[in-house]
Amino acid sequence: MKIILGPASKELGERIAQHLNATAVPVFFKTFPDGESYVRLEGELKDKEAIIVQTTSPPQDSRLIQLALIADAAKRNGAKRVTAVAPYLAYARQDKIFLQGEALSIETIARMLKAAGVDGLITVNIHEEKALERFPFPAKNLSAIPLLAEHFKDKGFEGAFALAPDKGAIYIAEQAKKVLGGECGYLEKHRDRYTGNVSVEKKKFNIKGKTVIIFDDIISTGGTIVAATKILRELGAEKVFAACVHPLLIGDAEKRIKEAGVDEIVGTDSVPSHVSKVSLAPLISEELKGEFS
Ligand code: R5P
């Protein structure tokens with residue numbers, strides 16, 4: 001198995017290669033003056049399982065194109081099979097037609113990757129796992145929530161309350177609860193499909209004086225975490241943490257989250273940033289070991 005280091009996830013790719021004791025294949029890449037992407041693989045792939053590690057967080061479109069070009073290059077250089085590891089899978093939130101006239105974006109992306117040479121995909125905490133059922137190749141979703149919860153347990157927050165900011169994410173809070181051993185709950189969130197504004201319904205939880213960790217798949221604008229934190233603070237939570245798999249942190253999200261009363265944001269290296277304190281490398285490596293050895 002060879003691990004191709006996609007430009008968006010070079011460090012994560014190197015960590016995975018180390019875990020697996022596999023050869024890493026660097027990618028030379030550049031952007032032409034007109035904005036087009038160029039890639040060149042710097043290693044042998046003939047008859048090998050090629051694993052491309054490339055997250056597709058912002059700038060999504062150029063990272064998706066890089067992924068497609070790398071898959072094409074891998075196949076042309078004799079790779080037996082190409083598996084894309086895209087911890088953050090762009091366009092996954094548009095997995096339904098919400099308003100008439102929309103595109104089913106995630107399916108379009110999957111078909112594009114298949115056409116480029118991708119034979120299988122591994123992603124992490126995709127917004128709705130069901131979306132993968134319609135992919136034109138085998139696609140697997142892993143959960144990094146237990147790893148995030150372990151991080152907090154190691155920091156001494158065993159027994160903390162695990163909160164999902166949305167009913168649909170209750171499975172996330174339940175996975176965290178299994179590790180932390182405290183209670184868990186969820187809020188009811190509503191998002192206006194036209195304005196994108198988020199409102200969260202207040203609920204009563206017995207969290208006075210307790211530590212609460214909000215677990216979510218993505219923090220994008222921070223609107224969800226800000227709305228949830230206001231409620232937790234009103235209910236008397238002593239400490240509030242925000243944990244997410246994909247810390248996109250668009251614009252001033254981090255500042256707004258801190259101002260709302262979050263003590264710390266913890267994310268993974270799905271989207272490399274200064275809050276990426278948990279690595280996905282052990283999780284992804286175990287999956288690759290199971291699939292390919
Ligand atoms: C959506 O339902 C997701 O689970 C996240 O809660 C959402 O994407 C976060 O977005 P934002 O940070 O913009 O509120």
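Read the numbers this way: they start at 1 and go in the same order the structure lists the ligands and their atoms.
- One distance of note links OG1 of Thr83 with CD1 of Ile3; it measures 9.5 Å at 0.5 Å rounding.
- Here the side chain of Ser270 pairs no donor or acceptor atom with the backbone of Thr55 at under 3.5 angstrom.
- The side-chain hydrogen bond (donor to acceptor under 3.5 Å, both in side chains) test with Asp119 singles out one residue from Lys114, Lys80, Arg81, Lys75, and that residue is Lys75.
- Contact of the Glu234 side chain with the Lys202 side chain is registered, since non-hydrogen atoms from C-beta on lie closer than 4.5 Å.
- Using a 4.0 Å cut-off between charged nitrogen and carboxylate oxygen, Glu259 and Arg256 do not count as a salt-bridge pair.
- Among all non-hydrogen protein atoms, the one lying nearest atom 10 (O) of ligand 1 is Arg191 NH2, 3.4 Å.
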(message) Go through it in stages, so that I can follow the logic: the residues are Asp263 and Thr211, the test is side chain to side chain contact (heavy atoms under 4.5 Å, CB included), and I'd like the CA-CA distance, side-chain angles, deciding distance and then a yes or no.
(response) CA-CA 10 Å; Asp263 294 284; Thr211 295; over 6 Å; no
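- For atom 5 (C) of ligand 1, the closest heavy atom belonging to the protein is Asp216 OD2, 3.3 Å.
- Every atom of ligand 1 with a heavy atom of Gly222 under 4.0 Å away is listed here by number and element: 11 (P), 12 (O), 13 (O).
- Below 4.0 Å from some heavy atom of Thr224 lie the following atoms of ligand 1, by number and element: 6 (O), 9 (C), 10 (O), 11 (P), 14 (O).
- For atom 13 (O) of ligand 1, the closest non-hydrogen atom of the protein is Thr221 OG1, 2.5 Å.
- Neither the backbone nor the side chain of Ile225 comes within contact range of ligand 1; no heavy atom lies under 4.0 Å.
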(request) Determine, step by step, whether Ile218 and Cys244 satisfy the side chain to side chain contact (heavy atoms under 4.5 Å, CB included) criterion, reporting the C-alpha distance in whole Å, the side-chain angles of both residues, the deciding distance to 0.1 Å, and the verdict. (result) CA-CA 6 Å; Ile218 302 170; Cys244 72; over 6 Å; no
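- Looking at atom 1 (C) of ligand 1, its nearest protein heavy atom turns out to be His127 CE1, 3.4 Å.
- The side chain of Asp217, and not its backbone, has at least one atom closer than 4.0 Å to an atom of ligand 1 (non-hydrogen atoms only; side chain from C-beta on).
- Atoms of ligand 1 lying under 4.0 Å from any heavy atom of Ile218, numbered from 1 in the order shown and given with element: 5 (C), 7 (C), 8 (O), 9 (C).
- Less than 4.0 angstrom separates some heavy atom of Ile219 from each of these atoms of ligand 1: 12 (O).
- Ligand 1 places these atoms under 4.0 Å from at least one heavy atom of Asp166: 2 (O).
- Atoms of ligand 1 found under 4.0 Å from any heavy atom of Arg93, numbered from 1 in the order shown, are 8 (O).
- Put simply, CZ on Phe215 and NZ on Lys177 are 13.0 Å apart, with the number rounded to the nearest 0.5 Å.
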